[in-house]
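Okay, structure first, notes after.
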Amino acid sequence: MDLNLHRRRSLFSSWSSSRSSSPPKSPRFDTMRFSKSFLSFLMALSVVIMLTLILRHKPSDRLTGFADAIHNVTTPPLLEVDVSQHIEIPKDPLLDGLLADGFDEQSCLSRYESVLYRKTSPYKPSPYLVSKLRQYEDLHKRCGPNTQSYNEAVKQLRSGRNVGTTDCNYVVWVCYSGLGNRILTLASVFLYALLTERVLLVDRGKDMAGLFCEPFPERSWFLPLNFPMIKKFDGFDQKSRESYGNLLKNNKIRASMKSLPSYLYLHLTHDYDDYDKMFFCDDDQALLKKFSWLIVKTDNYFVPSLFLMPSFEDELNKMFPDKVTIFHHLGRYLFHPSNHVWGLITRYYKAYLSKADERLGIQVRTFDKGAGPFQYVKDQISACTIGEKLLPEVDASGFTVNPSKNPKVKAVLMTSLVYGYYENMRDIYWEHPTMSGEIIGVHQPSHEEQQQTEKPLHNMKALAEMYLLSLTDVLVTSAWSTFGYVAQGLAGLKPWILYKSENQTTPNPPCVRAMSMEPCFHAPPFYDCKAKKGIDTGKLVPHVRHCEDISWGLKNERLRPLLTVVLTNYFLLIFRIR
């Protein structure tokens with residue numbers, strides 16, 4: 001039951017009772033009536049002024065404001081569909097200018113065909129972001145692998161001398177951790193490259209080249225195999241003497257030094273220390289500008305902390321006026337499944353999902369000891385999906401008769417390393433009729449039993465399943481799981497998050513609606529660079545808050561439109577006066 005509605009009803013009942021008693025009027029009553037009327041007039045006047053200010057802006061600004069206001073209206077989850085599904089409109093494979101044209105379509109089918117499988121996104125990239133991407137593509141073409149500028153920069157790296165930054169400076173992403181982490185961190189490092197005008201080069205590891213198409217025109221994003229540092233990548237860790245954190249700790253690097261190393265290793269994984277975290281301070285960024293080569297190893301989506309850095313604030317605000325669309329836009333720009341993976345995706349979608357009236361994605365990942373499946377997790381999935389009306393209840397007696405000749409069909413796509421959660425839900429909806437008359441089909445593409453990060457085929461299936469989840473209408477994901485973060489970001493959906501269980505019991509409540517589709521930064525710094533002391537970085541700005549699934553994590557949140565805030569406060573105040 002809606003507690004706010006209950007309170008309003010109680011207030012309304014008490015107000016009505018007081019009116020029915022009809023007490024004699026008094027001067028105090030007239031004064032109160034005048035005060036309420038005057039206050040209502042002032043609030044109405046403020047709304048008129050606000051509307052006038054909004055209408056002064058150009059039409060696109062007005063539409064954006066009203067679209068944001070509409071987006072924040074609470075609606076039943078399954079009704080969150082794009083109205084364009086009822087209108088035949090041409091599909092835009094370039095996603096409102098997000099993607100560059102000029103690629104060979106056959107070399108990367110997903111780049112041009114993905115719009116045929118996904119609803120049109122309501123989130124449009126800003127013109128400034130589009131211009132930054134085109135500028136970056138020109139930079140990558142001029143400075144990417146096997147160009148004269150790249151060859152000269154590598155020659156400097158081999159010499160061991162730092163001759164200062166040049167026209168072409170680089171940030172190298174080291175392939176590390178599971179596939180979900182890799183996708184999120186690669187997006188983070190690419191955003192950092194955009195902010196610092198560096199060229200992103202990607203360590204291909206064992207399987208990155210087989211997973212994704214090239215995102216940039218004419219020039220590869222993959223680090224050439226003869227790059228002189230590749231053999232050192234696996235050995236880089238928190239104790240590496242080349243790391244920026246250790247150089248700071250041992251007082252071996254300062255901005256005033258005339259002789260600096262030829263490169264810096266940035267250790268930004270979950271085990272980094274306070275010195276490593278100085279990366280997120282503006283003064284340290286000024287020092288990092290002196291290096292042509294930065295090598296980054298991370299398993300964190302560190303984007304929220306970039307939004308807390310004053311030196312990046314203006315650029316980020318212009319690129320992403322809607323603060324919850326960072327991974328949504330960067331993910332769709334960077335990550336196009338290879339033709340082999342695209343085949344896995346499209347064949348499965350056409351066979352099991354395409355003909356359904358609605359599609360529900362459920363991603364299950366547990367971190368408890370043991371292989372599973374666990375009964376308390378089965379109960380949690382049912383409590384969330386049925387309690388939030390994402391799936392219908394069943395009639396265990398089996399007497400329910402479906403009178404409809406054309407019942408609604410809902411496809412449930414489950415992804416998990418374990419087979420048992422799918423089996424449990426499949427049997428429930430196979431053995432019992434639904435109370436609503438809906439037909440529920442449950443599907444699971446694979447069950448690998450355990451994560452096998454180093455196996456290319458395993459990661460191809462994982463990428464296919466992330467992408468399939470992103471093609472659903474509603475999502476349920478698991479707390480702490482980067483697999484789910486990727487799916488929700490690509491889809492542009494706010495998922496229902498299954499809480500992490502404690503003591504092998506079903507959480508109550510079993511799940512919570514995410515505040516935004518942005519991923520969570522699991523291990524953010526809690527440090528005030530100016531004051532040089534600890535601080536709660538989840539309370540510094542309104543659009544960076546703590547995550548629903550990890551209380552110490554950070555994620556970007558949408559700010560409510562000012563008009564919505566004014567109207568909400570107005571009606572709440574009227575109820576309080578009454």
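Reckoned from all heavy atoms, side chains included, excluding hydrogens, waters and symmetry mates.
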[X] versus [Y]: any side-chain heavy-atom pair under 4.5 Å?
| X | Y | result |
| --- | --- | --- |
| Y192 | L294 | yes |
| Y272 | S243 | no |
| M517 | L493 | no |

Taking the six-membered ring of [Y], is the NZ or CZ of [X] close enough (under 6.0 Å from the centre) and on axis enough (within 45°)?
| X | Y | result |
| --- | --- | --- |
| K297 | F236 | no |
| R365 | F483 | no |
| R204 | F212 | no |

Problem - Test applied, side-chain hydrogen bond (donor to acceptor under 3.5 Å, both in side chains); reference residue, T185; option that passes from W173, Y301, Y176 - result: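 When side-chain hydrogen bond (donor to acceptor under 3.5 Å, both in side chains) is applied between T185 and each of W173, Y301, Y176, only W173 qualifies.
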Electrostatic pair [X]-[Y], nearest N-O below 4.0 angstrom:
| X | Y | value |
| --- | --- | --- |
| K555 | E518 | no |
| D167 | R142 | no |
| K132 | E315 | yes |
| K500 | D549 | no |
| D207 | R182 | yes |

Quick one: does [X]'s side chain have a donor or acceptor within less than 3.5 Å of a partner on [Y]'s backbone?
| X | Y | value |
| --- | --- | --- |
| T147 | Y150 | yes |
| Q363 | T415 | no |
| R545 | G538 | yes |
| Q488 | L475 | no |
| Q380 | T506 | no |
| D273 | Y275 | yes |
| D528 | K533 | no |
| S126 | K318 | yes |
| T537 | P525 | yes |
| S481 | S478 | no |

Problem - Donor on one side chain, acceptor on other, S262 and N162, under 3.5 Å - result: no
Handout entry: Side-chain donor-acceptor contact under 3.5 Å, H267 with D276
Key =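 No.
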Would you say [atom1] of [X] has more than 12 non-hydrogen atoms from neighbouring residues, nucleotides or ligands within 6.0 angstrom?
| X | atom1 | answer |
| --- | --- | --- |
| R134 | CZ | yes |
| D234 | CG | no |
| E197 | CD | no |

Is the [X] to [Y] ring centre distance short of 6.0 Å?
| X | Y | answer |
| --- | --- | --- |
| Y527 | F280 | no |
| F227 | W293 | yes |
| F307 | F521 | no |
| Y333 | H329 | no |
| Y485 | H522 | yes |

Handout entry: Working for side-chain hydrogen bond (donor to acceptor under 3.5 Å, both in side chains), residues S416 and Q444
Key = CA-CA 8 Å; S416 176; Q444 180 171 335; 5.1 Å; no
Minimum heavy-atom separation for [X] to [Y], with atom names?
| X | Y | answer |
| --- | --- | --- |
| Y421 | P373 | OH-CA, 3.4 Å |
| N459 | L179 | O-CD2, 3.3 Å |
| F335 | I183 | CZ-O, 3.3 Å |

Distance check, rounded to the nearest 0.5 Å: [X] atom [atom1] versus [Y] atom [atom2]?
| X | Y | atom1 | atom2 | answer |
| --- | --- | --- | --- | --- |
| L469 | T477 | CG | OG1 | 9.5 Å |
| S305 | F279 | OG | CZ | 9.5 Å |
| S516 | E557 | OG | CD | 7.0 Å |

Practice task
Go through the steps for Q156 and E152 under the test side-chain hydrogen bond (donor to acceptor under 3.5 Å, both in side chains), then give the verdict.
Solution key: CA-CA 6 Å; Q156 177 226 313; E152 290 177 357; over 6 Å; no
Practice task
Could you point out which residue of L201, L200, T196 forms a side chain to side chain contact (heavy atoms under 4.5 Å, CB included) with R198?
Solution key: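 Only match with R198 under side chain to side chain contact (heavy atoms under 4.5 Å, CB included): T196.
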Exercise for the section: Would you check, one step at a time, whether the test side-chain hydrogen bond (donor to acceptor under 3.5 Å, both in side chains) holds for H546 with D536? Expected result: CA-CA 10 Å; H546 290 298; D536 185 351; 2.7 Å; yes
